[in-house]
Amino acid sequence: GIQVEQSPPDLILQEGANSTLRCNFSDSVNNLQWFHQNPWGQLINLFYIPSGTKQNGRLSATTVATERYSLLYISSSQTTDSGVYFCAGVYGNNRLAFGKGNQVVVIP
Amino acid sequence: DGGITQSPKYLFRKEGQNVTLSCEQNLNHDAMYWYRQDPGQGLRLIYYSQIVNDFQKGDIAEGYSVSREKKESFPLTVTSAQKNPTAFYLCASSKDRVDNQPQHFGDGTRLSIL
């Protein structure tokens, strides 16, 4: 199966700081999803991005499919951005291969 | 409201007991999925169903069973054969199995062994 590696595994940010999370995948994928898991376990869709760049408020994502990686940018971080960020590669019959996540803590 | 409903939120199982986790969606989605999440880990696929009355094993199907008798429902049974069932279980759905339809997730069920 496809292996997905996320870095850094843990990140502590001062409120207002910017950060970049990275996702590398071992083989070609048909698409890529970014999720945010809040402290209650809810998994929220952030981006569905096979290639190129998308922006949603303070968050943006870039996928370079030819080089098998994706980046998630958080700008002007807020405490509500805390949680775990997952990327997942889409392959086969719309199956998802998840990374282990980036644990982000934003401190006031 | 449209969405995916999982119940119960918390579930306790005794040794040797089967338990069933419920997943219902009113999004009119064809495909549904069950995932397991262990602490500090990503999600792993247990079973998925692309159409009513059909389902396939995922990466960790041993000790689990599913059914898909109705489009909106995809219950997961954790059997006594699953030796380490304590985990967070998440159900998802997508419009169809084509690789350009994002998966949407329910709020999960936390299963613990008494």
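On a predicted model such as this, the values are computed, not experimentally measured, just so you know. The sequence lines fix the lettering, A, B, ..., with proteins before strands; numbering per chain opens at 1.
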Worksheet item: For the hydrophobic clusters of this structure (ILVMFWY residues joined by side-chain heavy atoms under 4.5 Å, transitively), does one cluster hold both B:Y33 and B:F55?
Response: no

Discussion item. Do B:W34 and B:Y48 sit in one hydrophobic cluster, given that two such residues count as connected whenever their side-chain heavy atoms are within less than 4.5 Å of each other, even indirectly?
Written reply: no

Worksheet item: Listed by residue number, which members of residues 86-93 of chain B have a heavy atom under 4.5 Å from any heavy atom of chain A?
Response: B:F88, B:L90

Donor-acceptor pairs are to be reported for all side-chain atoms of residues 50-57 of chain A against protein atoms at under 3.5 Å, with residues two or more places apart or in another chain.
unit_1: A:T53; atom_1: OG1; unit_2: A:T62; atom_2: OG1; d: 2.8
unit_1: A:K54; atom_1: NZ; unit_2: A:Y48; atom_2: O; d: 2.6
unit_1: A:Q55; atom_1: NE2; unit_2: A:G57; atom_2: O; d: 3.2

Worksheet item: What distance do B:I46 atom CD1 and B:Y64 atom OH have between them, rounded to the nearest 0.5 Å?
Response: 4.5 Å

Worksheet item: In Å and rounded to the nearest 0.5 Å, what is the CD to SG distance from A:Q6 to A:C23?
Response: 5.0 Å

Worksheet item: Can you name the residues of residues 98-108 of chain A that have some heavy atom under 4.5 Å away from a heavy atom in chain B?
Response: A:F98, A:G99, A:K100

Worksheet entry | Sidechain-backbone polar pair: A:E67 side chain, A:Y69 backbone, donor-acceptor under 3.5 Å | no

Practice prompt. Step through the shown structure and confirm whether more than 12 heavy atoms of other residues, nucleotides or ligands are within 6.0 Å of CD on A:Q14.
Written response: yes

Discussion item. Tell me whether B:Y47 shares a hydrophobic cluster with B:L43, the cluster being built from Ile, Leu, Val, Met, Phe, Trp, Tyr side chains joined at under 4.5 Å.
Written reply: no

Worksheet item: Near A:I44 CD1, under 6.0 Å, is it more than 12 heavy atoms from other residues, nucleotides or ligands?
Response: yes

Worksheet, complete the sentence: When the 4.5 angstrom heavy-atom criterion is applied to B:Q56 and chain A, the contacting part is neither

Practice prompt. Look at the side chain of A:Y85 and the backbone N and O of A:D81, then say whether any donor-acceptor pair between them is shorter than 3.5 Å.
Written response: yes

Worksheet entry | Side-chain (A:R22) to main-chain (A:E5) donor-acceptor, under 3.5 angstrom | no

Worksheet item: Is B:I4 reachable from B:F74 through a run of I, L, V, M, F, W or Y residues, each pair having side-chain heavy atoms under 4.5 Å apart?
Response: no

Item to complete: Carefully, step by step, assess A:Q33 and A:N45 under the rule side chain to side chain donor-acceptor pair (under 3.5 Å).
Response: CA-CA 7 Å; A:Q33 276 191 265; A:N45 285 328; 3.1 Å; yes

Worksheet item: Could you name the residues of residues 102-113 of chain B that have a heavy atom within less than 4.5 Å of a heavy atom in chain A?
Response: B:P102, B:Q103, B:H104, B:F105, B:D107, B:R110

Discussion item. Using heavy-atom distances under 4.5 Å, tell me whether A:L96 contacts chain B through its side chain, its backbone, both, or neither.
Written reply: both

Worksheet entry | Path from A:F35 to A:L71 over hydrophobic side-chain contacts below 4.5 Å | no

Response to the item:
So, the part of B:L45 with a heavy atom under 4.5 Å from chain A: the answer is side chain

